[in-house]
Amino acid sequence: MHKESTIQTHKQSSEKHSLTRRDFISTSLKASAAAFTTALLPRFQADAAGQYNVLFIMVDDLRPMLGCYGHSEMHTPNIDRLAQRGTLFNRAYCQFPVCNPSRASILTGLRPETNGIQDNYTHFRDTVPNTVAFPQHFKNHGYHTLSIGKIEHSRTVINDELLWSAPVWKSSHRYSSRSHSWRALEVDDNELRDGKNAKRAVEVLEEIKDLQFLLAVGFYKPHLPFNAPAKYYDLYDAPITDRVPQVVPHSEHEIRNYFDIPSGEEPLSKEKTLELIRGYMAATSYMDAQVGRVLDQLDTLGLTEKTVVLLCGDHGFHLGEHETLGKRTLFEVALRSPLIVSIPGQEHIGVRTDALVELVDIYPTLCDACQLPIPDQLEGLSMVPVIREPATPWKSAAFSKTGKEYGKQSIRTKRYRYSEHVKSVFPRKELYDHNTDPDEKLNIANLPENSELVSHLSERLRAGWQAALPTHQEREFDAMFLPWDVNNDGIVDIQDLFLVANSFDAATLENPKVDVNRDGRVDLIDLLLVASHLGESSTSSTAAPKSISIPFQYVDRIEQMLIEARLADDGSNLFRKGIANLEMLIDAVMPTKTVLLPNYPNPFNPETWIPYDLAKESDVRITIYNLKGESLKQLNIGLQAAGTYRTRSRAAYWDGCNSVGEPVASGIYFYTLCAGQTKATRKMVIEK
């Protein structure tokens, strides 16, 4: 007998919709888009007993700072494995960067200007009482619908019987004090709120495993305060970065509610900012572990191949960017959300797509994946065509708003973010070119050369989401050539790199495009912008640096660029991708002779990498000697193919210890390379 608390009888109700002229136009556009994108695409095969189950996971304040989004410093193995069996949407945007408006938009499939939700206190039943939210739609079609944790934002629990088959389950929790902004607690996972939610979800899945269900599970972390069991803090002992942004949160920002945070407009110290970044990371890993418990239960019960799993954040979160720690802005970091969808039987798994999508698209996507009718009034578009065929042409823009009077609005195209603050005390426009300024640091809206572009994007912003549907693609307002194609030959290659490198500190610029990010100087950032886009062409945005071959005589110059980039590395995606592509250039070169190269860094503490070139396949051995000629350590590399071994991922690594594991002292040492018939020796200096 199933527990009465989660399994109750419920009636299936019919849905009736009256179409206004606005609804008719919207529906016609979406129907046309659907026909255009899905007519020739195969259907997913639902379970023989009916449609798929749905596991909907929503996370509070989660930015795409996850391992699967390219952040190797993050420990998020469970969300990462979900991405490996589904589709990761790299450009998913919320419609309002505040909890309640964003969640209301997701649940109703209506944008904030339609459902009227603009704060954290109003429930959508008060503004659009007759709307059919997606749990209600699934319930009306025979699904058993349950909510655990934070799905609706309402301050008081609303047991909406239209949405849920049983009362909403929310955990009681300890450590609710708002006195500290973060705490590493000596507690078990289940002693905190998200652990209790995961435990309850695991129990409920056992209870409803034989039913057709939609289970919504909401996790609170990494929302402030960043409280998590201490073991998750232990994952991040090392400082995140030496380049901590100056953070001056406004007095009304949530972070100011904690007594360990300065009041008023006083900036946060570097130490406090690092504490908060570490706390956010620890809270994210704690949440990820709870997601893993729920996914494991799906596997254990044999439900994974019968269940659509969708995980998303409700919006992004600033961790110091733009002097902010929080949300409520129209910057990319507040509007971009992680979104992963896994549908049983999907052909393309582990796929990362740059298709522009919005969180308002979740409702129709779940309907489409489960072969339920998509209600006419929805203002999103099913993402299933992109999941079936990742190369499918898709939306040309995403739309977001903030501010109680909707005076602040933003459009994100493939290349640009354009925002207008028309009802602010100080009206302004903001334009950021993500090709050259992915961190949105330089507002170029007021540059005379961009006046036509600003006018164009302003028109698109007013035209709204209907004009951005796949069948109404706007021409991207880009230059004929890519900004990092410095010599305008149609391909970003080694020549563009050298044009930039040769213009460092130049008094006059023969080619103005060498200042790639248009900040008035030519420096390493311009070089890395070119390097990070190696292989792109004017007709394709697909990077393929492996296709670029370079003569061996260029290796030393590329290596010097690489050394400078590593020394200045601030951990950003720009440095990561630029360094990775420079390394690929070097790794692909075939050397003319076998040589031993200077180790790096030198002097070092406490480890080093020893680079070398192999002209032909050889068995490689490197021996470390002291000044007396005594062998301290032998590195038996083994058989290596011909090629360059100059990058950290390929060079020989020495941990700075002798053969018995003791660290060697400061001083002068020698290292010898034996490779086939070649033997070479170099000196190194160790300083500690």
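Numbers here simply count residues along the sequence, with the first being 1. Being a predicted model, the structure only gives us computed values, none of them experimental.
- In this structure, E389 contributes its side chain and A391 its backbone to no donor-acceptor pair below 3.5 Å.
- Closest non-hydrogen pair, R521 versus D515, comes out as O-OD1, 3.0 Å.
- The side-chain heavy atoms of F331 and E321, taken from C-beta on, include no pair separated by under 4.5 Å.
- Within the 4.5 Å cutoff, the side chain of D189 has heavy atoms near those of the Q290 side chain.
- Side-chain atoms of V59 and M287, non-hydrogen and from C-beta on, do get closer than 4.5 Å to each other.
- P344 places none of its side-chain heavy atoms less than 4.5 Å from the side chain of T304.
- Looking at heavy atoms from C-beta onward, L524 lies in side-chain contact with F575 at the 4.5 angstrom threshold.
- In terms of heavy atoms, A531 sits closest to G578 at CB-O, 3.8 Å.
- In this pair, W484 and H533 present their aromatic rings parallel. The plane angle is below 30°, not in the 30 to 60° band.
- With a 4.5 Å cut-off on side-chain heavy atoms, H315 and R63 do not count as touching.
- Of all heavy-atom pairs spanning L298 and R85, the tightest one is CD1-NH2, 4.5 Å.
- The pair K221-D60 does not count as a salt bridge, with every side-chain nitrogen at least 4.0 angstrom from each carboxylate oxygen.
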For this session: Check step by step if side chain to side chain donor-acceptor pair (under 3.5 Å) holds for N90 and R336.
Result: CA-CA 9 Å; N90 191 43; R336 182 167 166 249; 2.8 Å; yes

Exercise. How far apart are the C-alpha atoms of D80 and Y69, what are their side-chain angles, what is the distance that settles it, and do they pass the side chain to side chain donor-acceptor pair (under 3.5 Å) test?
Worked result: CA-CA 8 Å; D80 296 348; Y69 276 87; over 6 Å; no

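- Results of the side-chain contact (heavy atoms from CB on, under 4.5 Å) test with L574 over N517, D437, L529 single out L529 as the only residue that passes.
- Residues R278 and Y233 are in side-chain contact: their nearest non-hydrogen atoms beyond the backbone lie under 4.5 Å apart.
- Checking side-chain atoms of T353 against main-chain N and O of F89 turns up no donor-acceptor pair under 3.5 Å.
- Listed by first and then second residue, the salt bridge (Lys or Arg N to Asp or Glu O under 4.0 Å) pairs involving residues 608-631 are D613-R646 (not counting sequence neighbours).
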For this session: Might you work through the ring pair (Phe, Tyr, Trp, His ring centres under 6.0 Å) test for Y625 and F670, ending with a clear yes or no?
Result: CA-CA 5 Å; Y625 298 93; F670 296 90; 8.3 Å; no

For this session: Kindly indicate, with the supporting measurements, whether the criterion side chain to side chain donor-acceptor pair (under 3.5 Å) is fulfilled by T329 and H318.
Result: CA-CA 9 Å; T329 77; H318 288 257; 2.7 Å; yes

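- Cation-pi geometry between R557 and F498 is satisfied (NZ or CZ under 6.0 Å from the ring centre, within 45° of the ring normal).
- Using a cut-off of 4.0 Å between Lys/Arg side-chain N and Asp/Glu carboxylate O, E358 and R412 are scored as not salt-bridged.
- Here the CD1 atom belonging to I579 is positioned 11.5 Å from the OG atom belonging to S649, to the nearest 0.5 angstrom.
- For A580, the side chain to side chain contact (heavy atoms under 4.5 Å, CB included) criterion is met by no residue, not counting sequence neighbours.
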Exercise. Hey, mind stepping through R566 and E583 against salt bridge (Lys or Arg N to Asp or Glu O under 4.0 Å) and telling me if it holds?
Worked result: CA-CA 11 Å; R566 287 202 190 99; E583 288 182 340; 3.0 Å; yes

For this session: List the steps and the verdict of side chain to side chain donor-acceptor pair (under 3.5 Å) for S572 and D439.
Result: CA-CA 9 Å; S572 67; D439 296 324; 5.4 Å; no

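- Two residues are said to be in side-chain contact when any heavy atoms from C-beta on lie closer than 4.5 Å; L359 and Y93 fail this criterion.
- Minimum interatomic distance between N487 and D485 (heavy atoms only, all atoms of both residues): OD1-OD1, 3.1 Å.
- Residues E440 and R417 are paired through a salt bridge, judged by an N-O separation under 4.0 Å between the basic side chain and the carboxylate.
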Enumerate donor-acceptor pairs with a distance under 3.5 Å from any side-chain N or O in residues 631-643 to protein atoms, sequence neighbours excluded.
residue: Q634; atom: NE2; partner: N636; partner atom: OD1; Å: 3.1
residue: Q640; atom: NE2; partner: Y612; partner atom: OH; Å: 3.4

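- Between F317 and Y280, the distance separating the two ring centers is shorter than 6.0 angstrom.
- Summarising the geometry, atom CG belonging to D496 is positioned 12.5 Å from atom CG belonging to D526; distances are rounded to the nearest 0.5 Å.
- Closest of all the heavy-atom pairs between E510 and P512 is O-CD, 3.8 Å.
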